[in-house]
Amino acid sequence: MLKIRLGVAPATGTGPEEFAGLAQRLEEAGVDSLWLSELIYSPEVDPMIGMTHALARTAKLKVGTGVAILPGRHPVLVAKQLLTLAGLAPKRVLPVFGLRPARKAEHDLFPVPAGRRAEVFDESLVLLRRLLEEDEVSFDGEFFQVDRVRLGPRPAKRLDVWLGGTAPAALTRAGRLADGWLGSFHTPSEARDARIAIQKAAEEAGREIEEDHFGLSLAVVDKGMPAELAAVAARRRPGVPVEDLVATSWPEARRLVEQHIEAGLSKFVIRPGHGDFEGFLENFQAELMPLQN
């Protein structure tokens with residue numbers, strides 16, 4: 001039986017003042033996890049800093065990035081941050097990485113050689129994984145070179161690295177290099193196909209991804225469809241009815257989550273489409289938390 005877990009993300013535009021007490025509120029409510037997007041040109045907190053704050057203010061809540069951008073950052077610095085967080089909050093750090101920012105205006109903030117972002121991502125992941133798993137690392141790649149790097153103690157439980165992405169190349173990368181996958185804007189049947197593609201790529205690479213390491217980010221818009229979200233859905237998935245990608249009510253949210261569970265997914269990030277977070281949390285507890293096992 002798959003281990004079903006549901007976490008939440010802050011509402012779009014949640015700044016530091018609103019975020020400050022959020023982690024404790026979620027832990028008090030029994031929520032499994034909190035997920036932070038990387039949106040630079042916005043009021044939202046930086047995911048690494050937000051993770052640090054949330055982990056320091058709680059004892060059980062898991063905190064993840066959904067998703068952070070890896071190409072354009074040095075893997076040694078990222079590994080050091082993750083190992084530090086995992087040492088301070090064992091078993092509660094959930095990194096998920098992506099290829100590029102969702103917003104085109106932010107692409108230049110993560111510079112890589114022109115036309116080589118995918119190759120940089122692959123090499124970054126290989127080096128990052130080694131830094132998280134080995135006491136000492138030497139690496140001579142095309143983009144990164146390190147010699148006998150030691151970053152300090154590693155956590156007793158190995159730190160998993162998940163990836164986002166929807167394109168075929170992204171799914172293949174997840175199978176070759178990741179421990180799990182967090183998708184978004186997928187119908188249940190598409191999510192099943194993505195899971196199968198990732199598992200096939202992992203098998204071809206001589207690897208295996210645990211069956212409960214497939215998840216989905218799902219927005220709930222029970223007070224009408226925000227124009228910005230509708231535009232994002234149309235841009236990401238042209239021709240697909242937005243109602244198949246975004247839950248328009250809490251009964252619809254439960255139906256979609258149940259269908260994704262049937263498709264073999266087991267980890268979910270539920271995102272509020274509106275600013276009433278207390279109302280969102282009450283509905284999340286009533287409608288979706290009972291699906292956890």
### Task
Heavy atoms only: give me the nearest Gly164-Ala170 pair and the separation to one decimal.
O-CB, 4.3 Å
### Query
So, for Phe144 and His74, is the gap between ring centers shorter than 6.0 Å?
yes
### Message
Given Asp212, which partner from the list Arg5, Arg195, Lys3, Lys267 fulfils the salt bridge (Lys or Arg N to Asp or Glu O under 4.0 Å) test?
### Response
Lys267
### Query
Considering residues, nucleotides and ligands other than Asp108, do more than 12 of their heavy atoms fall under 6.0 Å from its CG?
no
### Message
Using every non-hydrogen atom in the two residues, find where Ser138 and Arg148 come nearest and quote the distance to one decimal.
### Response
OG-N, 2.9 Å
### Task
Give a yes or no on whether the backbone of Glu44 and the side-chain of Ser42 come within a donor-acceptor separation of less than 3.5 Å.
yes
### Message
Quick check for you: to the nearest 0.5 Å, what is the distance between Asp32 atom CG and Ile4 atom CD1?
### Response
11.5 Å
### Query
To the nearest 0.5 Å, how far apart are CZ in Arg173 and CD1 in Ile198?
11.5 Å
## Note on the structure
Output for pair (Leu151 CG, Gln81 CD), nearest 0.5 Å, gives 11.5 Å
### Heavy atoms of other groups near Gln24 CD, more than 12 under 6.0 Å
yes
### Message
Quick check: is Leu34 connected to Leu218 through a chain of hydrophobic side chains (ILVMFWY, heavy atoms under 4.5 Å apart)?
### Response
yes
### Query
Do Leu256 and Gln259 come within less than 4.5 Å of each other through their side chains, counting heavy atoms only?
yes
### Query
Transitively linked via ILVMFWY side-chain contacts under 4.5 Å: Leu281 with Leu6?
yes
### Query
Hey, what do you get for CG (Leu245) to CG (Leu216), rounding to the nearest 0.5 Å?
9.5 Å
### Message
Within the 4.5 Å heavy-atom criterion, are Leu128 and Val78 side-chain neighbours or not?
### Response
yes
#### Entry: Arg154 bridged to Glu133 by N-O distance under 4.0 Å
no
### Task
Check the angle between the aromatic planes of Phe19 and His53 and answer parallel, tilted or perpendicular using the 30° and 60° thresholds.
tilted
### Task
Kindly say whether the aromatic ring centers of Phe214 and Trp162 come within a distance under 6.0 Å.
no
### Message
Other residues, nucleotides and ligands only: do more than 12 of their heavy atoms fall within 6.0 Å of CD on Glu228?
### Response
no
#### Entry: CA sep, side-chain torsions, deciding dist, call: Leu288, Trp250, side-chain contact (heavy atoms from CB on, under 4.5 Å)
CA-CA 8 Å; Leu288 299 185; Trp250 284 100; 3.7 Å; yes
### Query
Does the Ser217 side chain pair with the main chain of Ser184, one donor and one acceptor, at a distance under 3.5 Å?
no
### Salt bridge present between Glu258 and Arg255 (N-O < 4.0 angstrom)
no
### Query
Can Val63 be reached from Val8 by stepping across I, L, V, M, F, W or Y side chains whose heavy atoms are under 4.5 Å apart?
yes
### Task
Could you pull out the closest heavy-atom pair between Val93 and Leu159, with the gap in Å?
O-CD1, 3.4 Å
### Query
So, Ser33 versus Trp35: side-chain donor-acceptor pair below 3.5 Å or not?
yes
### Task
Determine yes or no for a side-chain-to-main-chain donor-acceptor pair under 3.5 angstrom, with Arg271 supplying the side chain and Ala11 the backbone.
no
#### Entry: Glu190 and Arg237 ion-paired at < 4.0 Å
yes
### Message
Could you check whether Arg116 pairs with Glu119 (Lys NZ or Arg NE/NH1/NH2 to Asp/Glu carboxylate O, under 4.0 Å)?
### Response
yes
### Query
If you look at every heavy atom in Pro188 and Ala263, which pair is closest and at what distance?
O-CB, 3.4 Å
### Query
Would you call Glu278-Arg25 a salt bridge at under 4.0 Å N-O?
yes
### Query
Phe268 versus Leu291: any side-chain heavy-atom pair under 4.5 Å?
no
### Query
Just by modelled atom types, is the Ala178 backbone N or O under 3.5 Å from a matching donor or acceptor in the Arg207 side chain?
yes
### Backbone N/O of Ile69 and side chain of Glu38: donor-acceptor pair under 3.5 Å
yes
### Task
Would you please classify the geometry between the Phe280 ring and the Phe277 ring as parallel, tilted or perpendicular, with 30° and 60° separating the classes?
tilted
### Task
State yes or no: do Phe185 and Leu265 share one hydrophobic cluster built from I, L, V, M, F, W and Y residues joined by side-chain heavy-atom distances below 4.5 Å, directly or via other members?
no
### Query
Is Thr65 reaching over with its side chain to a backbone N or O of Val96, donor-acceptor style, under 3.5 angstrom?
yes
### Query
What about Val240 and Met225, same hydrophobic cluster or not, with Ile/Leu/Val/Met/Phe/Trp/Tyr joined at side-chain heavy-atom distances under 4.5 Å?
yes
### Message
Could you tell me if the side chain of His274 sits less than 4.5 Å from the side chain of Pro226, heavy atoms only?
### Response
yes
### Summary
Note: Gly50 and Val45 closest approach over all heavy atoms is CA-CG2, 4.0 Å
### Task
Answer yes or no: is there a donor N or O on one side and an acceptor on the other, between the side chain of Arg176 and the main chain of Ala201, under 3.5 Å?
no
### Task
Identify whether the distance between the nearest side-chain nitrogen and carboxylate oxygen of Glu27 and Arg57 falls below 4.0 Å.
no
### Message
Let me confirm one number: the OG-CG distance from Ser249 to Asp222, rounded to the nearest 0.5 Å.
### Response
8.0 Å
### Task
Could you check Arg236 against Thr166 for side-chain contact (heavy atoms from CB on, under 4.5 Å), going step by step and ending with a plain yes or no?
CA-CA 9 Å; Arg236 293 274 300 272; Thr166 60; 4.0 Å; yes
### Query
Distance-only, no hydrogens or angles: does the Trp181 side chain make a donor-acceptor pair with backbone N or O of Gly165 under 3.5 Å?
yes
### Message
Whether the side chain of His107 engages the backbone of Pro101 through a donor-acceptor N/O pair (distance < 3.5 Å, no angle test) should be reported.
### Response
yes
### Task
Determine yes or no for a side-chain-to-main-chain donor-acceptor pair under 3.5 angstrom, with Asp140 supplying the side chain and Val146 the backbone.
no
### Message
As an exercise, state the distance from CG of Asp179 to CD of Glu208, rounded to the nearest 0.5 Å.
### Response
12.0 Å
